Number of protein chains: 2
Amino acid sequence: MEDNRGIPARKNATLKDVAEACGLSVAAVSRYLNHSIKLPQSTTDRIDAAIAALNYRPNPHARSLSLGRSETIGLVVPDIANPYFAHLAAAVEQAAAEYGLGLLLCPTLSRTDRELDYLGRLSRQHVDGLLFVTNNGDDPALARALLGAKTVVLVDDDIDGTTAPTIMADSEQGGRLATALLIEQGHRSLAYVGGPQGLSSSRSRLRGFRRAIAESGQTIAIAAELHGPYSSAHGRIAAEQLLALDPVPTALFAASDEIALGVLSVFKQRGVKVGVDISVIAFDDVGPLELFDPPLTAIRQPVNAMGRRAVQIVLALINGEALLPATELLPVELIIRNSVKPPNR
Amino acid sequence: MEDNRGIPARKNATLKDVAEACGLSVAAVSRYLNHSIKLPQSTTDRIDAAIAALNYRPNPHARSLSLGRSETIGLVVPDIANPYFAHLAAAVEQAAAEYGLGLLLCPTLSRTDRELDYLGRLSRQHVDGLLFVTNNGDDPALARALLGAKTVVLVDDDIDGTTAPTIMADSEQGGRLATALLIEQGHRSLAYVGGPQGLSSSRSRLRGFRRAIAESGQTIAIAAELHGPYSSAHGRIAAEQLLALDPVPTALFAASDEIALGVLSVFKQRGVKVGVDISVIAFDDVGPLELFDPPLTAIRQPVNAMGRRAVQIVLALINGEALLPATELLPVELIIRNSVKPPNR
DNA sequence: CTGAAAGCGCTTACAG
DNA sequence: CTGAAAGCGCTTACAG
C-alpha cells in the first residue's frame, strides 16, 4: 500500500504490478478485469485494493493491439461547426459513451480524399467502426471503398451502390408535411430550394414536395426547383433567383436550415418580409429558429434518435451480429412557428 | 505484386510483410518510414512499391504502445452541441490534422467526474494531450488533478490554482468594448447578465463592464449584475428579473450568445422590443446572430485563432519544449448590428 | 480453475 | 550503416 497523495505517480502501474501486489498471475487479474473468470470474494477484494492503491488503469493501446479492436468509433462528417452535425455529434458521443466506446472526430470538409482516408483508418483498426455522413454519395470511388468496409453505417444520406446499413430521417415525409402546410395555408405558387441533386436526402425531400402537390388536388404552380449544396451560400443565390422570377412564388420550402439562413439573409437585405411577402419553411430545425425574424417554421429531424440508433447498429456490426434491414427511416416532426402565413396576393 | 482489386484484403499487411517483400529487415523499413535513416533511391523505391502493392499502413496501436504516445489529443468541452464549442472543435480539429494529430471528442456535460475521467485517460496515454474547457474552474478537485497533468492546455477559462498554459479571449477588453458601445449610444442604466460567478471569463467580462462605466466619466446606474450558467435558461431567468425592475434598465450586456438567446426569447414572448425598449449586446458571436430579430450586436471571440494556438501549445508541451507564458489573451472584435440603439426614455 | 508463454505490430537500444 | 532481438502492456490459447 503506497502513499501517493499529491505526488504524481512516477510511472503508471501495469497489470504486472497489480498481479505482483496481490500475489496472482497477470492472467488471473486480466481475466478478472474482463469478467471471464469467477474468483472468491477474498481474492477480488485483494485485486480491487491493489488496483486502487496503485491507481491502475489499463493501457488502451496494449489492449487494442492485443484485441485487434480499439473500442473507439469514428464520426465522419462534412463540418462539425455546422449545428446540425454538432447536434448529431453530441447525440452520437453520448450513446457511444453509454456503450463504452470512444469517439474520434473525423471532419472531411466534404473532401472525398479525406473521406477515403478515414475509411483507411477503419481498415487499420484505428477505429472499430465508422458513422459516415457524406455529401458525396454520388461519387463512385466512395461507393467502391465502402464495399470493403464491414463496420460502417451511413447516416443522414445513402450512397449509390452500397449495401451498408443506413439511418436517415424520413425526408420524403418531411418534404410532404412541409409542402402540405404551405398548400393548406393557401399557397398556389411554390418553390423548392433543395440540396445537391445527386443526394438521396434532397431527392426524397423533392419527392415529398411533389407528392404533396399531387395529393392536394389543387392546381399548384411549381415556380422553381433549385439544387445546390446544403449551404447558406446556395440559399443566397437561390433567393436572388426566386426574386427575379415573375411572378415571385408566394412560398418556398428550403431543404436545410443552412439554406434557409442564406435565403433569409437575402430577403432581409432586400426588404422582403417573410410570412408576409413570402412564406418559408425549413428542414433540420437545429438552429435557434424560434428567435429568427419571424420565428421559422421547420421540419425537425430526429437527430438524437438517429445518433443513438446509428451507434447501436455499428456496435451490432462490430460484434458481428446478423445483418439488419438495410435502411431505417426515422420519423420527422413539423414545428410550426411564424414564417408560414396565407399569401397576401 | 498482388492483384487485389475489388477483393477486400484478407488481412492487413504488416511491416514484416513489407520487409520480406523487398528483402529488408523490419528495422530498416521502420526507420525509413520514420525518417531516421537515409537509403539509396533504388531501395526506397523498392520499399515504396511494396507498401503500395501490399497497401500497407502502420497499425496505430502498435505504434502507440511502442512509442508511449498516441498522436491523438482530446478536446474536453462541456457540450459539443453548443455552437461555440462546435466552432472551437472545428478549429481545433483542423489545426490538429495539420500537425498529424487525431482528435478525440470528450464532452463532459460540465460534470466534474467526467472531467476527471478524461484527465485519467491522459495519464494512461490514451491521448498525448488535452485541450481543456471547463465551467468548473472553481472546483479544487479539478485544480488538484490538473497539477499532475503536464500536457494540458486550458482554453477559454482558467482554473484557480493551476499553472497550466491558458488560451483565452480578452474578455475584459470585450466587456469594456461592449459596455462602451452602450454608453456611447446614450444608455445610463445598464445591466450585466453574466456567466458563473466563479469563472474567470465571466469575472473578466464584468471587470470590463465596470471599467467602461468608470472610464466613461458619466453617471451610470448599474441596474443589476446577474450571475448564472452560460445557458439560455439562465438568460430567461435573468430577463424576467430585469423586467421586474423599476426602472427597467435601458440596455444589457449578456456574457454569452446562449444567455442572450434566453433573454431574447423572454423579451419576444413579453413583447419587449430589442433595440427599441431595450438594447442588447452579446458575447461570442457564433450563432447566426445577423438573422435575429433584430440582428444582434456582439463581441466576437477569436475561436479559430484560439483553437489553433491551443493546438500549437499542447504540441509544444508534448514535445517537452520550454514553458511558455502562462496565459495568452487573444483579441476580440466588436460586431455592430442592430440591437443597440439610443434609449427612447 | 490457473499460470507460463506466445502473440498483437510496432520502435529502437544494442551489438556486429 | 544494418539486423536480431527486446520491449511496450495487454489477452488468451494452451498445457498442467
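In the text below, chain A, chain B and the rest are named by the order of the sequence lines, each starting its count at 1. Nothing here was measured: the structure is a model prediction, and the numbers come from that model.
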**Q** Drop me the distance from A/I313's CD1 to A/R308's CZ, to the nearest 0.5 angstrom.
**A**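 So the gap between those two atoms works out to 13.0 Å.
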
**Q** Is the shortest side-chain N/O distance from B/Y32 to OP1 or OP2 of C/dT12 below 4.0 Å?
**A**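 The answer is no; no side-chain N or O of B/Y32 sits under 4.0 Å from OP1 or OP2.
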
**Q** Using OP1 and OP2 only, check whether a side-chain N or O of B/N34 sits under 4.0 Å from C/dT11.
**A**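 Yes, B/N34 has a side-chain N/O under 4.0 Å of OP1/OP2 on C/dT11.
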
**Q** Rounded to whole angstrom units, what separation is found between the CG atom of B/D17 and the P atom of C/dC10?
**A**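 So the two atoms are 9 Å apart, to the nearest Å.
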
**Q** Rounded to the nearest Å, what distance is computed from the CD atom of residue A/E20 to the C1' atom of nucleotide C/dA4?
**A**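 Distance check: A/E20 CD to C/dA4 C1' gives 14 Å.
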
**Q** Base, sugar-phosphate alone, or nothing: which one does A/L67 contact when heavy atoms must sit under 4.0 Å apart?
**A**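 Here A/L67 touches the backbone only, sparing every base.
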
**Q** Quick one: A/L33 CG to D/dC10 P, roughly how many Å, whole number?
**A**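 One finds 9 Å between P of D/dC10 and CG of A/L33, rounded.
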
**Q** Between C/dG9 and B/S66, counting only base atoms on the nucleotide and side-chain atoms on the residue, is there a donor-acceptor pair under 3.5 Å?
**A**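 Per atom types, no contact qualifies.
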
**Q** Output yes when a side-chain donor or acceptor of B/R121 lies under 3.5 Å from a complementary backbone atom of B/H126, and no otherwise.
**A**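 Here the side-chain-to-backbone pair does not exist.
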
**Q** Using only side-chain N and O atoms of B/R31, determine if any of them is under 4.0 Å from OP1 or OP2 of C/dT11.
**A**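 No, because none of the side-chain N or O atoms of B/R31 sits under 4.0 Å from OP1 or OP2 of C/dT11.
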
**Q** Just to verify, what does B/A91 make a side chain to side chain contact (heavy atoms under 4.5 Å, CB included) with, not counting sequence neighbours?
**A**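 Only B/N304 meet the side chain to side chain contact (heavy atoms under 4.5 Å, CB included) criterion with B/A91.
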
**Q** Could you tell me the Watson-Crick or G-U partner of D/dT2, where both distances fall under 3.5 Å? Say none if there is no partner.
**A**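 Base-paired to C/dA15.
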
**Q** A/N59 CG to C/dC10 P: how many Å, rounded?
**A**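 One finds 17 Å between P of C/dC10 and CG of A/N59, rounded.
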
**Q** For A/K16 and D/dC8, what is the distance between atoms NZ and P respectively, to the nearest whole Å?
**A**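 Taking atom P of D/dC8 as the reference, NZ of A/K16 is at 8 Å.
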
**Q** Under 4.0 Å, heavy atoms only, any strand: does B/I37 hit a base, just the sugar-phosphate, or nothing?
**A**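 Sugar-phosphate contact only.
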
**Q** In whole angstrom, give me the gap between the C1' atoms of D/dT12 and D/dG16.
**A**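 Pairwise C1' distance, D/dT12 against D/dG16, rounds to 16 Å.
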
**Q** To the nearest Å, how far apart are B/L65 CG and D/dT11 P?
**A**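 That distance rounds to 12 Å.
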
**Q** State which of D/dT12, D/dC10, C/dC10 makes the closest approach to the side chain of B/L15.
**A**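 The listed nucleotide nearest to B/L15's side chain is C/dC10.
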
**Q** Consider the side chain of A/S30, meaning its heavy atoms from C-beta on, and name the nucleotide among D/dT2, C/dT11, D/dT12 that approaches it most closely.
**A**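 Nearest to the side chain of A/S30 among the choices is D/dT12.
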
**Q** Does A/S25 make a side-chain N or O approach to OP1 or OP2 of C/dG3 shorter than 4.0 Å?
**A**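 Yes.
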
**Q** Where the side chain of B/R63 is concerned, which of D/dC8, C/dC10, C/dT11 is the nearest nucleotide?
**A**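 In terms of side-chain proximity for B/R63, the closest of D/dC8, C/dC10, C/dT11 is C/dT11.
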
**Q** Within the 3.5 Å criterion, strictly below it, is a donor on B/D156 or B/Y84 matched to an acceptor on the partner's side chain?
**A**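 Yes, side-chain donor-acceptor contact under 3.5 Å.
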
**Q** Mind calculating the distance between CG (B/L24) and C1' (D/dA4) to the nearest angstrom?
**A**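 Result: 15 Å.
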
**Q** In terms of the nearest nucleotide of DNA chain C, which residue is placed more toward the 5' end: B/A28 or B/A62?
**A**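 Closer to the 5' end of DNA chain C: B/A62.
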
**Q** With distance as the sole test, does A/T108 use its side chain to make a donor-acceptor pair with the main-chain N or O of A/R114 at under 3.5 Å?
**A**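 No; judged by distance alone, with no hydrogens or angles, the pair does not exist.
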
**Q** Quickly work out the B/Y56 OH to C/dC10 C1' distance and round it to whole Å.
**A**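 After rounding, the reported distance stands at 7 Å.
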
**Q** With a 3.5 Å cut-off and no angle check, do the side chains of B/D158 and B/S200 form a donor-acceptor pair?
**A**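 Per modelled atom types, B/D158 and B/S200 side chains form a pair under 3.5 Å.
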
